[in-house]
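No experiment lies behind these values; they were computed from the predicted model shown.
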Amino acid sequence: MHDTFLDFKEKKWPLLKKDLKKIVGDTAYNNWLKQLSFISFKENIITLSVPTKFLRDWIVNNYSDTIKNECKKYLLEIDAIKFVVKPLG
C-alpha cells in the first residue's frame, strides 16, 4: 500500500474520521476528535494536529490506541502517531 500524501489526505483521512466517529460515538467524537487534522505521513509516522495542548493530552491518554488501530486499516506500514498542537487561525 503505497499511497501518496494527497491520496491519504483527500481520500482516506475523511473515511478514517468517519470510522472514528462510529467507534467512539457522536458525542465523544464531537468533543474530542472532530478537530483532529492530518499533517503528514513520513518514515512510518503519521502526524496529526489539534488546536490545544489540553485536547492533545486528552486524546493521547484516551484515544491514541484507537486512532492508531484505525490508521493501520488505511496505512499498514504505520509505526506511530504523533500529535502536535497547532492553534486554529
Side-chain angles (χ1 to χ4, degrees):
M1 204 179 286
H2 295 289
D3 294 317
T4 66
F5 171 83
L6 283 177
D7 283 342
F8 183 81
K9 184 172 183 169
E10 293 177 1
K11 296 175 185 170
K12 294 186 176 179
W13 178 242
L15 296 174
L16 193 149
K17 286 187 81 172
K18 284 182 185 177
D19 290 348
L20 288 171
K21 189 173 188 177
K22 287 179 193 172
I23 291 167
V24 303
D26 289 348
T27 302
Y29 177 84
N30 289 331
N31 287 339
W32 304 112
L33 305 179
K34 187 176 183 177
Q35 296 185 60
L36 272 176
S37 297
F38 174 75
I39 300 293
S40 66
F41 179 64
K42 295 181 205 168
E43 300 173 5
N44 294 355
I45 299 172
I46 189 167
T47 302
L48 305 174
S49 72
V50 292
T52 67
K53 183 182 182 309
F54 175 79
L55 191 55
R56 183 199 62 200
D57 293 347
W58 183 269
I59 291 170
V60 167
N61 290 326
N62 296 280
Y63 294 107
S64 60
D65 289 339
T66 301
I67 294 168
K68 185 176 180 181
N69 290 336
E70 286 305 302
C71 285
K72 284 186 173 193
K73 293 178 182 177
Y74 293 91
L75 292 167
L76 295 177
E77 62 276 354
I78 188 169
D79 291 331
I81 299 179
K82 183 165 84 173
F83 296 94
V84 298
V85 176
K86 185 176 178 187
L88 298 174

Hydrophobic cluster membership, Val85 vs Leu55, 4.5 Å side-chain cutoff: no
Return the minimal non-hydrogen interatomic distance between [X] and [Y], and the atom names on each side.
X	Y	answer
Ala28	Tyr63	CB-OH, 3.4 Å
Leu48	Phe38	CD2-CA, 3.8 Å
Cys71	Ile78	CB-CD1, 3.7 Å
Lys86	Ser49	CB-CB, 3.8 Å

Out of curiosity, [X] [atom1] to [Y] [atom2], how far, rounded to the nearest 0.5 Å?
X	Y	atom1	atom2	result
Asn31	Trp58	CG	CH2	9.5 Å
Thr66	Leu33	OG1	CG	8.5 Å
Ile46	Lys68	CD1	NZ	11.5 Å
Leu36	Ile59	CG	CD1	4.5 Å
Asn69	Asp19	CG	CG	12.0 Å

Applying side chain to side chain contact (heavy atoms under 4.5 Å, CB included), name anything that partners [X], two or more places apart in sequence or on another chain.
X	result
Ser64	Phe83
Thr47	Ile39, Ser40, Ile45, Lys82, Val84
Asp26	Lys21, Asn30
Pro14	none

query: Is the shortest heavy-atom distance from the side chain of Leu20 to the side chain of Trp32 under 4.5 Å?
result: no
message: Contact between Lys17 and Tyr29 at the side-chain level, heavy atoms closer than 4.5 Å - yes or no?
response: yes
- prompt: Partners of Asn44 by side chain to side chain donor-acceptor pair (under 3.5 Å), sequence neighbours excluded?
  reply: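 Side chain to side chain donor-acceptor pair (under 3.5 Å) list for Asn44, sorted by chain: Asp79.
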message: Restricting to side chain to side chain donor-acceptor pair (under 3.5 Å), what partner residues turn up for Asp57, sequence neighbours left out?
response: Lys53
query: Got a sec, which pairs hit salt bridge (Lys or Arg N to Asp or Glu O under 4.0 Å) with one end in residues 30-48, sequence neighbours left out?
result: none
query: Which residues pass the salt bridge (Lys or Arg N to Asp or Glu O under 4.0 Å) test with Lys72, sequence neighbours left out?
result: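 Residues passing salt bridge (Lys or Arg N to Asp or Glu O under 4.0 Å) with Lys72: none at all.
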